[in-house]
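Written below as structure tokens is the structure these notes are about.
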Amino acid sequence: MSSYRAPRGTRDLLPESRAALSRLEGIARSLAVRYGYREMEIPLFEQVSVFERGIGPATDVVEKELFRLTPRTEDSESWALRPEATAGIVRAYVQHGMQTWPQPVKLTVVGSMFRYDRPQAGRYRQFWQWDAETIGDPGPAVDAEVIEMGRRFYAEAGVADVQVLLNSIGDSACRPAYLARLKSYFASHEAELPELERRRLETNPLRLLDSKDPTMTAVVSAAPKISECLCDACEAHFAAVRAHLDAVGVPYRLEPTLVRGLDYYARTAFEYYRRGAEGQQQALGGGGRYDGLVELLGGRPTQAIGFALGLDRVMLALDEAGAQPAREAPPLAVVVGADPADTVSRLRVASLLRGEGLSVRAELAQRKLGRQLETASKEHAHFAVILGDELAEGNVQLKDLEAGTQRLVPLADLAHELARAAKSHHHG
Ligand code: AMP
């Protein structure tokens, strides 16, 4: 047996898991279309500074979890694998002058992200996200629209009991005063702070609210709340977001300590959790408004909001709930033959049908017809196309393996007949 293993924190998605992921990607893409998002791709890696500027140097994601690529020469740029998609999408928005497009620009990316995190359940070094960003809309209505789209994703994916946690983290007008209050609060509790959090007190005190350290729980829950410090404009924005959520029937729980790990957020911040799993660092997804990011990456000031939903955690949630595994479609037909040696005819007929868009397997093993048919039944093919002596006159036997019936069909009509049967049976 080979001693090679997939790298720590990664996992192979074998066909059944891949089908489960494809199903989720399909739901994401369908929702993106329904809500007016356009899919795009960004590179799997970017200049490190895109993430340092865009996410913030004093965040876990950049400080501890960035998957850095070793430069090949001393003077070459340093890159990192993308830990999230927002910074890359905004980099692309600025680079391609999307500010001249009709606003807002609604973009979506589905794909792998990478974080050099300590691997554990639901936390991988390579994982999948559905990311959706609306750039160039100050809200508040769109904030509710984005939150509602995320909730619909979980509903359509079949994850029960997903709860929206909601907060406003203020903006550049009111946050500085709040940060000052927060800093002096934590400074007065400095002795109780773990080493890392003490260092963060200087660089990013907001992050302390988001601490993963269990010894911080009591200090954090008694900390001053941003909701007590919002300026009038942020207060009004937050109230309007809630009113829109109420109007579209999205329940939410106000969570005053929800700040999100990333520096560029302003005003609306939200996360999705399964009810009862709120405290376990197991967010299914999250997002928020990032009104300063476009400017930070070299564009004009542009307000924006988006989310990233973790698809791995949705797969885990569905597994835990005992959901039916996603189905991989069996072939519509298997081409078998009375003469085991005549692989030429079987391959030729299968190739013809595949050219007509049908999902067909050719039996290329040189086994007796009975064995060939057995295998076809076992893999749940609907039909067997049996090649025998009739082939000389241009006919084949079409056996319906589900109904157990069989009839002679001219080769010229075969694709049409199979396509019709596929349609009426909803085969792919
Ligand atoms: P974040 O940008 O950290 O809020 O991530 C958004 C979502 O991506 C989270 O709510 C998780 O569902 C998912 N996620 C983040 N990091 C990981 C990871 N290391 N492994 C699996 N899923 C992750």
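Numbers here simply count residues along the sequence, with the first being 1. Side-chain atoms are counted along with the backbone in the values below, which use heavy atoms only and exclude waters and symmetry mates. Both counts, for ligands and for their atoms, begin at 1 and track the order of listing.
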* Any ion pair linking Glu374 and Arg367 (charged N to carboxylate O, less than 4.0 Å)? -> no
* Using a strict cut-off of less than 4.0 Å between a Lys/Arg side-chain nitrogen and an Asp/Glu carboxylate oxygen, indicate whether Asp143 and Arg289 qualify as a salt bridge. => yes
* Look at the side chain of Asp400 and the backbone N and O of Glu402, then say whether any donor-acceptor pair between them is shorter than 3.5 Å. =>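 Side chain of Asp400 to backbone of Glu402: a pair is present.
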* Asked: Do Glu39 side-chain atoms and Val110 backbone N/O form a donor-acceptor pair below 3.5 Å?
  ->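 Side chain of Glu39 to backbone of Val110: no pair is present.
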* Do Ser30 and Arg34 have side-chain N/O donor and acceptor atoms under 3.5 Å apart? -> yes
* Structure fact -> Rounded to the nearest 0.5 Å, the NE2 atom of His244 sits from the CD1 atom of Ile147 at a distance of 11.5 Å
* Structure fact -> dist Cys174:SG -> Glu228:CD (nearest 0.5 Å) comes out at 13.0 Å
Ligand 1 atoms in contact with [X] (distance to a heavy atom under 4.0 Å):
| X | value |
| --- | --- |
| Gly122 | 20 (N), 21 (C), 22 (N) |
| Arg123 | 18 (C), 19 (N), 20 (N) |
| Leu284 | 10 (O), 12 (O) |
| Gly310 | 7 (C), 8 (O), 12 (O), 13 (C) |

* Could you tell me whether some N/O pair between Gln129 and ligand 1 is separated by less than 3.5 angstrom? => yes
* Asked: Glu84 near ligand 1, heavy-atom distance under 4.0 Å?
  -> no
Could you check which of [options] puts a non-hydrogen atom nearest to [atom]?
| atom | options | value |
| --- | --- | --- |
| atom 12 (O) of ligand 1 | Ala317, Ala283, Pro83, Ala308 | Ala283 |
| atom 19 (N) of ligand 1 | Tyr124, Tyr273, Phe307, Tyr272 | Tyr124 |
| atom 1 (P) of ligand 1 | Met113, Arg115, Glu271 | Arg115 |

